[in-house]
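This report refers to the structure that appears directly beneath it.
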Amino acid sequence: MTTLTINGKAHTVAVPEDTPLLWALRDELGLTGTKFGCGMGLCGACTIHLDGVAVRSCITPISAASGKQINTIEHAESDKLGAALQAAWVEAGVPQCGYCQGGQIMSAMALLKKTPKPSDGDIDEAMSGNLCRCGTYTRIRAAIKKVANVSSTTGGKA
């Protein structure tokens, strides 16, 4: 039995300690906003925050998450920055199929919490591990800039 603090609440799961956190979230706790993509930490669909850091839950064992604060996309709307990003995502028309968007927003939140006024390079670096088969990268960048209040006319420089 492992106790995990997820979105501010304690949850106990009875799975082996090497179980990927993704499966504990989805299968044991019903938090299905975090998606399975590649299973190798390469696509970003499973991105969550572990003590505020964006990590890939498909390759993070629950043993590495025990005692840490885990936040998922289900928590984003209760976070001021997360809610602003979700609104900007909709306004910019980012979601197409929507499959990767939870992970995209979680990576964007981690970026803006660390770097409130990111440059284009900062955005590219932070978002580089999140793939979007629909190709909405330009709109993702626009939504991040909108929330960061970074004018596209300054080339993304804060």
Side-chain angles (χ1 to χ4, degrees), residues 4-9 20-26 29 31-62 64-65 67-158:
L4 302 171
T5 304
I6 304 166
N7 302 331
K9 296 179 183 174
L21 182 55
L22 173 66
W23 301 120
L25 293 171
R26 290 183 59 80
L29 301 172
L31 297 170
T32 58
T34 304
K35 303 296 186 207
F36 173 79
C38 66
M40 298 181 291
L42 303 172
C43 73
C46 69
T47 303
I48 52 107
H49 293 173
L50 195 59
D51 282 346
V53 177
V55 300
R56 305 301 190 243
S57 63
C58 71
I59 58 171
T60 303
I62 63 166
K68 297 183 178 176
Q69 178 59 50
I70 302 160
N71 285 323
T72 68
I73 189 64
E74 287 88 354
H75 181 266
E77 69 184 352
S78 64
D79 178 286
K80 185 178 179 180
L81 180 60
L85 279 165
Q86 287 177 326
W89 241 244
V90 171
E91 186 178 319
V94 174
Q96 295 289 309
C97 79
Y99 197 82
C100 70
Q101 297 307 309
Q104 298 275 3
I105 290 172
M106 295 305 286
S107 289
M109 283 177 64
L111 164 66
L112 292 176
K113 285 183 184 229
K114 180 180 175 190
T115 309
K117 300 287 186 188
S119 67
D120 283 350
D122 294 332
I123 295 170
D124 290 347
E125 183 178 334
M127 302 304 291
S128 68
N130 290 81
L131 303 178
C132 176
R133 293 199 59 175
C134 300
T136 64
Y137 301 112
T138 304
R139 287 179 268 172
I140 290 169
R141 180 182 295 190
I144 292 170
K145 285 183 173 187
K146 178 180 174 75
V147 173
N149 294 319
V150 175
S151 169
S152 60
T153 61
T154 65
K157 305 285 188 267

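Between atom CD of residue E125 and atom OG of residue S119 there is a gap of 9.0 Å, rounded to the nearest 0.5 Å. Considering CD of Q104 and OG1 of T47, their distance stands at 8.0 Å, rounded to 0.5 Å. Of the inter-residue distances, the one linking Q101 atom CD with N130 atom CG reads 9.0 Å to the nearest 0.5 angstrom. Summarising the geometry, atom CZ belonging to R56 is positioned 13.5 Å from atom CG belonging to L21; distances are rounded to the nearest 0.5 Å. Note that CG of L112 and CG of L81 are 5.0 Å apart. Values are rounded to the nearest 0.5 Å. Atom CD in E74 sits 6.0 Å away from atom OG1 in T32 (nearest 0.5 Å).
In this structure, a donor-acceptor pair under 3.5 Å is absent between the side chains of T115 and D122.
Residue pairs meeting the ring-ring contact (aromatic ring centres under 6.0 Å, His included) criterion with at least one member in residues 31-61, sequence neighbours excluded, are W23-F36.
Side chain of R139 to backbone of G93: a donor-acceptor contact under 3.5 angstrom is found.
Between K146 and A88, the shortest heavy-atom distance links the atoms CD-CB, 4.2 Å. Taking all atoms of both residues into account, the shortest heavy-atom contact from N71 to N7 is CA-OD1, 3.2 Å. Residue L22 comes nearest to C46 through the heavy atom pair CD1-CB, 4.1 Å, listed as atom of the first residue, atom of the second, then distance. The two residues S107 and A126 make their nearest non-hydrogen contact at CB-O, 4.2 Å. Among all heavy-atom pairs drawn from G41 and C58, the shortest one is N-SG, 3.2 Å. Here the closest non-hydrogen pair linking G37 and C43 is CA-SG, 3.6 Å.
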Open item on the list: Under the criterion side-chain contact (heavy atoms from CB on, under 4.5 Å), I'd like the reasoning laid out for M106 against T34: C-alpha separation, chi angles, the key distance, then a yes or no.
Closed with: CA-CA 10 Å; M106 295 305 286; T34 304; over 6 Å; no
Open item on the list: Assess the residue pair D79 and K113 against the criterion (side-chain contact (heavy atoms from CB on, under 4.5 Å)); give the C-alpha distance rounded to whole Å, side-chain angles, the decisive distance to 0.1 Å, and a yes or no.
Closed with: CA-CA 11 Å; D79 178 286; K113 285 183 184 229; 2.6 Å; yes
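Remark: E77 CD is loosely packed, at most 12 non-hydrogen atoms of other residues, nucleotides or ligands lying under 6.0 Å away.
At a threshold of 4.5 Å between non-hydrogen side-chain atoms, the residues D120 and K145 count as touching.
Residues passing the side chain to side chain contact (heavy atoms under 4.5 Å, CB included) test with L42, sequence neighbours excluded: C38, M40.
Results of the side chain to side chain contact (heavy atoms under 4.5 Å, CB included) test with V94 over L85, T138, I140 single out I140 as the only residue that passes.
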